[in-house]
Each structure stands twice: as C-alpha cells, then as structure tokens.
2 protein chains.
Amino acid sequence: MKRGRPTIEQVAALAGVSRGTASRVVNDEPYVSAAARAAVLKAVRELGYVPNQAARSLVTRTHETVALVVSGEADDPRLSEDPFFAEVIVGINAVLAETDLELMLMLGANERARTRLLRRLRSGQLDGVMLLALPGADPLCRLAEESGAPTVYGGRTMDGEPRYFVDADNRGGARKAVEHLLVQGRQRIVTITGPVDNEVTHARLSGCLDALGGGADPVVMHADFLESGGYQAMQSLLHAHPDLDAVFAQSDNMAAGALRALREAGRRVPDDVAVVGFDDLPWARHTAPPLTTVNQPIRAMGSEMARMLVALLGGGEPTSLILPTRLVLRESA
Amino acid sequence: MKRGRPTIEQVAALAGVSRGTASRVVNDEPYVSAAARAAVLKAVRELGYVPNQAARSLVTRTHETVALVVSGEADDPRLSEDPFFAEVIVGINAVLAETDLELMLMLGANERARTRLLRRLRSGQLDGVMLLALPGADPLCRLAEESGAPTVYGGRTMDGEPRYFVDADNRGGARKAVEHLLVQGRQRIVTITGPVDNEVTHARLSGCLDALGGGADPVVMHADFLESGGYQAMQSLLHAHPDLDAVFAQSDNMAAGALRALREAGRRVPDDVAVVGFDDLPWARHTAPPLTTVNQPIRAMGSEMARMLVALLGGGEPTSLILPTRLVLRESA
DNA sequence: TTGAAAGCGTTACCAT
DNA sequence: ATGGTAACGCTTTCAA
C-alpha cells in the first residue's frame, strides 16, 4: 500500500488558510499573523506533514544535498585498509550536521558507477561536490566542474592547482621527517615512495629532497603505499645499499613492510636502521618498535572541505587551505 | 548565471515529436517508431539533455536513492579507528554500482543531524534504508521502519530480531576463539568485553560461555572495545587473577591494549599468557607478537545488506543472513 | 504509434 | 498579511 502523505494543501485546509500562507509558515517566512502561524503549525503536527523534497527541489532548484565523490578504484587501500576515508567522512559530517545539507557518497568504482555518477552530477540534483582525488589526474575532476555545481578538492591533482582545495602539508611533513633523521646523524637515508604518477608521492618526495639539500644523490625506490610494496622495496634496498642506516617510507603501511623486511634481515630498529613513516595511522603505535611517523589531520581535512563548500554555497569566496602536518616521535627513529 | 538545462520539451521540439514520445524514448519504452527514436536520441545528444531527477521523482515517487544510516555517536571508534565502517561502505558500493541506486550517508551525530535525518527519511526521498546499528538499542530503528521505506539491518539490535538483517556470526567466532585456548590447555581464561548493553558484546560473550561450558565460573571484565579500555581491564585482571594464562578480548583494539599491559607487567605472550582478539583488523598482523584473532567478513556484510535491499526494492523476499567468522592463527595464541 | 492534456506538491508572484 | 494562480519538468493516461 502506497500511503499518500499529507500535502500542504491539506494542512492549509485544516488550518483554514491558503496554501501560500501555509507554505510561508512551514518555511519560517515573515508576513504571517501569529494566529495563522499557530493554526498551521497545529495542523502540521496533527497531520504529520513533511514537505515533499522532490516538489520543493523542482521549483527552488536547490537540493540540500552535496556529494563526496571518491575518484579511485573500489579497491584502493585508502578506502578500506586505512581509516583515511572514514576519517574524512566523519570530518565532513561534523560540519554538515550543523547545516541542512545531506551527504551523497559516490565511489567511482566501475565504468557503470562512473557513468551514473556523471549523470547524477549533471542532472543537477547536487548543490555542491567535494572531490577526493585519490589517484593522479582523473577526468572526473573536469566533469565535476562542468556540472556547474561548486566543487572543492581534497588534495591537489597532478595537473594544476584547483580553484578551491584543502590539502595536507605533505611536503613540509616529509621534510621534517628527513630532517629528523639527519639530525640524528644518519648518513645513508633511503626513501620508499608511492606510485610515480601520484601527486602525494610527488609532494612527499619534494619535502624529502628539501631536507637532503642535494648533497649526496638520494636513493629513491618507488612502491605503491602498501605493506607488501614497502616490504619488497626494503628488501631491494637492503640488497642494493647494505650500508643504509635510515629509511623514510611515504606511508605507514610501507613502513610496516619495511619493518618486517628489516626484522627478517636481522637489522635492529632503530639501532642499525631508523624508520619513519607517514600518516600516523591508529596502529602506528602498536608496531614493533612503535613507529615514528608524520601525522596529518585527516578529519580536519574533511571538515575544512565541507566548511569550504558550505561557504561557497552561501556565496562566499573561501581561500584554499594547506593543513599542517607534524612529526610524531616514537621509537623507530 | 543560472544556466537553464535543456528540457524534454526542447528535445521533443528539436526531434520534431511530442513530449510523450520523447519521454518514452528516454525511458526506453516500447511503442516508438525507429525513426522517431533515432531523432530523439540525436536531439538528446545534441542538446546534452539529462532528465531532471526532481521532476521525475515528483511523478514516479521513486528516487533511485538509498541511505546508509549509522546510528552511533560521531566519535564512535568504529567509525574512525576501525576500517569497519569504510569496509561496509565499499561492500555496499560494489553492489550498488551494478544498479541505478545512489547512496546517501547519514551519521546520526548530534541532535540536529538526527532530526534532519528523520525528516529526510519521512520526506520520502529514500527508496530504502540500511541501518548500521552500532550501539545497543536505538530509537532510530523504529523510526526508520516507520518511514515506510524497506529497511535492512547490519547487525542485530538488543530488542528483538529485525525482519531483514545481515550479521556476522559473533557467537560462533567467540566460541572458536575460546575453544582454541582450551585446546591449548589454558587453565585460567579471562574475557574482556565491550559495553554491557551492546548486542555484539552479548553475542561474543555467549560464544565464549558456549566454549567454556559452564565448568569453572568465567572471569569477565567489561570494557569499551577501545585500546585504552583493554589496557585498563588487563591491568585489573592481572591484579585480581595473577594466575591467568589466557585472555580473550572481544576486539582487536582491546587485545592491543591487553598486549601493552601484559608487556608492562613482564608477562610473555604467548608463553605466559595467550591473547586472542576479535575483528582481524588490518594491523593485527603487525602487533608484537602478531595477533591471533577472529576474522569477520565486513565487506561482505556491506554487500549482502545492499543485495538484500535491492531484492526488497524489486519486490523480493530475501532471507536474513548470518555470515561466518573464522579464527586466524598468528602468534599470540 | 503518436499527441494533447492532466496532474505530481511545492514555491513565487501579484493582487488584494 | 493573505489568497489565487502560474510555473517547475516530468510521466501518464486517454484519444486519435
């Protein structure tokens, strides 16, 4: 049974006023007498009236809905292995909770999902879009902007800086990590990075080079941000540079892999080899030894993205943000 | 500038047919001549026409949208510390990607968010709802069902079994964990649980008691599923029962805390005390020693919830599911 | 197989 | 301060 919900017309009838008046009351508009307002409110309560959002959207052209689109593979480890994704959402939600905006979630998993996503974007049922740019360049970015809805980015993409974005200070964080290793007197520092075409890899590598200052030429091994990648990279590095005494891994997952490879190779951490990670995932304190790593304010990234979008929706002109990262000293370096 | 998007009327005009015909073509309906169909399709392409979803919803009363509502605190650790939440979403998304349904995300953070959530539920813009019941009983459950939209649950709630749900076999998993400890000849097994009013706590405790078989009376310490809670509980337990030789923690986080307390107390794991966790979080393999724990198929829970909802939407009568859990043997027990 | 017209429930405008 | 009326863009009868 498709129960018919009460319409504003019925509310108006019960309250003994016109639709126009009832509508004004429901939307908290001025120019309604106290008496009429009370009557309408009473009728609303009695009937259990809830406005039909579709009808409202049709005429107001607003949808009270924004989307978070994640333009990565469905299997991207940052989606499931890391709490990254969830943290961003929690941050977003905290801000949206103070508004009347609902959150739509779009993971660009397969081709069909992407098509649908695009269609939804263009069908104009979204007031704004937050784009979490996981991989390098993604055509989705362009398309999101073409949809005409205000768009803010989480992270920057390879091809140029978006108009509105929130990013973590990846470069500065990496610099601090490597500087810490240098201050300790480490002589032979190697770096394990993410995929080459990745903006995050790029930024963290820049920071690393900033610290190294171009003295000796740096040893860089590209991997994939994953534990297994870090493990393999570490093995190769140990083989190629047996004299290494410090490793900066661009992610905690890779640092965990490096730790494992080091343990198997009989190197002591941090005595023989110092290890620094990046991300400060919740489990970083549980590794053996506890991991020194760079913390990035993931939740804040989410809330700042949302705040920025809300500002945009309100006609404001927010400025892009680079959030600070900080080195968390534990025992691995 | 509020660009006006093309309407079906314009498409019809350009194609030289009526609105009715154009509409039928767009919705892949029969009774349209091949010629007319081609003309309309061409016009659609030329104009870049995308149907207005709000207008469509208004008349069809369907919204191609389902919601995942998480009825917990915004700070629930399972939202951010654990990948639980993200995994469920990835699972849901994988199924939804094969349909035309969009996903709306609602975290019942504060009062305002809950009110909004309810309003959205009742405003009938949702075709279906998935309810992830993190904490014990939640009034939201009732309200979701009152909204009239098909509802499926992830996990069961304290007050009775919902009509449609997907759950992990918490009881069976806990039983397996404790049986494993017994088989090893552990004599003095203690349990650290989650909050008392929690259904998951309840189920896992039942499984534990199943294994113990009511021989000696079991030592149970209630905590909160968190690392810090596990740490404190372990300390208390060591104090009260210095002779304990095994602990079953109802979450990996608590197991990590127990590990820490044990280390500080100078007990060796697993030699002096065996430790088993629950969840098999990604970092469980990184603890020292690597954690033996119970794996639950979180992603599958998500996809099964989605599958169930899709079935319901299609008029089907799916049956509720209890997904298997399995013991993952590592080195802590 | 097609076209015309009647809503869907709301807001917005214009008189009053 | 209020009521009537015209959109909003679509789907869906009903006739032709």
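Letters go in sequence order (proteins before strands), and every chain restarts at 1. Values reported hereafter were calculated over all heavy atoms of this structure, with side chains retained and with hydrogens, waters and symmetry mates removed.
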* Asked: Considering only heavy atoms, which members of residues 7-16 of chain A lie under 4.0 Å from some atom of DNA chain C?
  -> A:Thr7, A:Ile8

* Pairwise distance CD(A:Gln53) to CZ(B:Arg119) - rounded to 0.5 angstrom -> 7.0 Å

* Any salt bridge (Lys or Arg N to Asp or Glu O under 4.0 Å) involving residues 48-60 of chain A? Give me the pairs, sequence neighbours left out, ordered by first then second residue. => none

* **Minimum-distance pair of heavy atoms, taken over all atoms of A:Ala306 and A:Leu96** => CB-CD1, 4.1 Å

* 5'-most contact on DNA chain C: A:Ala54 or B:Arg19, nearest heavy atom basis? -> B:Arg19

* Go through DNA chain C in 5' to 3' direction and return only the first and the last nucleotide with some atom under 4.0 Å of chain A's heavy atoms. => C:dG9 to C:dC13

* To do: Report the residues that fulfil side-chain contact (heavy atoms from CB on, under 4.5 Å) with A:Ser18, sequence neighbours left out, ordered by chain and then residue number.
  => A:Thr21

* For DNA chain D, note the earliest and the latest nucleotide, 5' to 3', having some atom under 4.0 Å of a heavy atom belonging to chain A. => D:dA1 to D:dG9

* Asked: Would you say the side-chain atoms of B:Ser320 pair up with the backbone N or O of B:Val166, donor to acceptor, closer than 3.5 Å?
  -> no

* Working to the nearest 0.5 Å, report the span between OH of A:Tyr164 and CG of A:Leu309. => 11.0 Å

* Asked: Got a sec, which residues hit salt bridge (Lys or Arg N to Asp or Glu O under 4.0 Å) with B:Arg120, two or more places apart in sequence or on another chain?
  -> A:Glu102

* Which heavy atom of B:Arg5 sits nearest a heavy atom of B:Val50, and at what distance? -> NH1-O, 3.0 Å

* To do: With A:Leu68 as reference, evaluate A:Leu131, A:Ile89, A:Leu107, A:Val129 under the side chain to side chain contact (heavy atoms under 4.5 Å, CB included) test and give the passing residue.
  => A:Ile89

* Asked: In degrees rounded to 10°, what angle is found between the helical axes fit to the five outermost pairs at each end of the helix from C:dT1-D:dA16 to C:dT16-D:dA1?
  -> 40°

* **Inter- and intrachain pairs under side chain to side chain donor-acceptor pair (under 3.5 Å), touching residues 43-52 of chain B, at least two apart** => B:Lys42-B:Glu46

* Could you check if a side-chain atom of A:Val310 sits within less than 4.5 angstrom of a side-chain atom of A:Glu98, using non-hydrogen atoms only? => no

* To do: Using only heavy-atom distances, determine whether the side chains of B:Thr7 and B:Glu9 contain a donor-acceptor pair under 3.5 Å.
  => no

* **Interface residues of residues 43-50 of chain A with DNA chain D (non-hydrogen, below 4.0 angstrom)** => none

* Does any pair with a residue in residues 302-315 of chain A pass salt bridge (Lys or Arg N to Asp or Glu O under 4.0 Å), and if so which ones, sequence neighbours excluded? -> A:Glu304-A:Arg307

* To do: Check DNA chain D against residues 22-39 of chain A and give the residues with a non-hydrogen atom under 4.0 Å, in numerical order.
  => A:Arg24, A:Tyr31, A:Val32, A:Ser33, A:Ala36

* Heavy-atom side-chain contact between B:Ile8 and B:Pro51 under 4.5 Å -> no

* Less than 4.5 Å apart, any side-chain heavy atom of A:Val66 and any of A:Leu313? -> yes

* **Pairs touching residues 21-30 of chain A that satisfy salt bridge (Lys or Arg N to Asp or Glu O under 4.0 Å), sequence neighbours left out** => A:Asp28-A:Arg37

* **Nearest atoms (heavy-atom pairs only) where B:Val32 meets B:Ala36** => CG1-CB, 3.9 Å

